[in-house]
Amino acid sequence: MTISTRLDTYLTEHNISYQTVPHYHSNSSIGSAVAAQIPLNQIAKAVVLVDHEGRKMMAVLPANNKVSLSALNDELRGSYQLVKESDIYQMFSDCDHGAVPPIGDAYNMPVVCDQQLDSLEQVYIEAGDHQTLLRLDHDAFEQMMSKGKHIRFSREVIH
């Protein structure tokens with residue numbers, strides 16, 4: 001597997017250009033960054049959240065950051081929690097476990113994007129496997145995040 005089926009369809013339908021960046025197998029976005037020799041803050045990762053009414057949302061943030069649920073809930077006036085990993089496997093059945101592309105639109109999910117990603121010239125995303133990243137220029141990433149809310153809701157974790 002390289003690019004997930006739904007992500008590939010989304011990219012094609014929206015004429016979004018990208019370059020594939022193959023790398024050694026990794027089990028996390030941080031591992032992918034190290035394997036591909038890309039700065040951690042340039043990899044956008046996806047975290048799937050659910051509110052008290054069962055509504056799911058994708059949070060997109062730099063790989064070296066962690067979601068602050070309190071900041072996110074304050075900003076959105078919600079009560080979001082992390083979705084169970086087993087539920088994520090079902091939601092992203094066209095992806096290897098843990099290789100979720102951070103493109104909510106491709107999975108009919110609303111998105112909140114951390115503002116730290118907005119100013120980057122290039123952003124890298126998981127393609128749906130553990131051996132491929134997609135490199136997007138600023139405009140392509142901005143187009144994919146255009147429907148999302150852009151706020152600051154994460155902070156860097158020292159690795």
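Not measured: the values here are computed from a predicted model.
- Side-chain atoms of Ile3 and Tyr10, non-hydrogen and from C-beta on, never get closer than 4.5 Å to each other.
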Run the side chain to side chain contact (heavy atoms under 4.5 Å, CB included) check on Leu134 and Leu11 step by step: do they pass? CA-CA 11 Å; Leu134 302 183; Leu11 294 169; 3.7 Å; yes

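- A distance of 11.0 Å separates OG of Ser146 from CZ of Phe141, quoted to the nearest 0.5 Å.
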Before giving the answer on side chain to side chain contact (heavy atoms under 4.5 Å, CB included), spell out for Leu120 and Asn41 the whole-Å C-alpha distance, their side-chain angles and the decisive distance to 0.1 Å. CA-CA 9 Å; Leu120 297 175; Asn41 70 319; 4.1 Å; yes

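- Taking Ile, Leu, Val, Met, Phe, Trp and Tyr as hydrophobic and joining them when side-chain heavy atoms fall under 4.5 Å apart, one finds Val67 in a cluster with Val47, Leu49, Met57, Leu61, Leu69, Leu72, Leu76, Tyr80, Leu82, Val112, Ile151, Phe153.
- Atom CD of Glu53 has more than 12 neighbouring heavy atoms from other residues, nucleotides or ligands inside a 6.0 Å radius.
- Note that the CG atom of Leu7 and the OH atom of Tyr18 stand 7.5 Å from one another [nearest 0.5 Å].
- Here the straight-line distance linking atom NE2 of His23 with atom OG1 of Thr132 works out to 6.0 Å at 0.5 Å rounding.
- Between the side chain of His97 and the backbone N or O of Glu85, no donor-acceptor pair lies under 3.5 Å.
- Listed for the His25 side chain is no donor-acceptor partner under 3.5 Å among the backbone atoms of Gln131.
- Here the side chains of Gln122 and Ile38 are not in contact, with every heavy-atom distance at 4.5 Å or above.
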Step by step, would you call Gln143 with Asp105 a side chain to side chain contact (heavy atoms under 4.5 Å, CB included)? CA-CA 11 Å; Gln143 180 182 350; Asp105 273 358; over 6 Å; no

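- A pairwise comparison of heavy atoms in Gln116 and Ser154 identifies NE2-OG, 3.2 Å as the closest pair.
- A side-chain donor from one of Gln19 and Arg135 sits under 3.5 Å from a side-chain acceptor of the other.
- Here Met144 contributes atom CE and Ile16 contributes atom CD1; the two are 5.5 Å apart, rounded to the nearest 0.5 Å.
- A distance of 10.0 Å separates OG of Ser68 from CG of Asp114, quoted to the nearest 0.5 Å.
- Remark: the backbone N or O of Gln115 is not paired with any side-chain donor or acceptor of His150 at under 3.5 angstrom.
- Across every non-hydrogen atom of Glu126 and Val100, the tightest pair is CB-O, 3.9 Å.
- Here the straight-line distance linking atom CD of Glu142 with atom CG of Asp118 works out to 7.5 Å at 0.5 Å rounding.
- Other members of the cluster containing Tyr89 do not exist, because no ILVMFWY side chain is joined to it at under 4.5 Å.
- Scanning all heavy atoms of the two residues, the minimum distance from Pro101 to Ser4 falls at CG-OG, 4.0 Å.
- Remark: the backbone N or O of Asn65 is paired with a side-chain donor or acceptor of Lys45 at under 3.5 angstrom.
- Contact of the Met91 side chain with the Tyr107 side chain is not registered, since no non-hydrogen atoms from C-beta on lie closer than 4.5 Å.
- Hydrophobic clustering (ILVMFWY, side-chain heavy atoms < 4.5 Å, transitive): Val111 and Met109 are in one cluster.
- Here Asp137 pairs with Asp139, Ala140 under the side-chain contact (heavy atoms from CB on, under 4.5 Å) rule; sequence neighbours left out.
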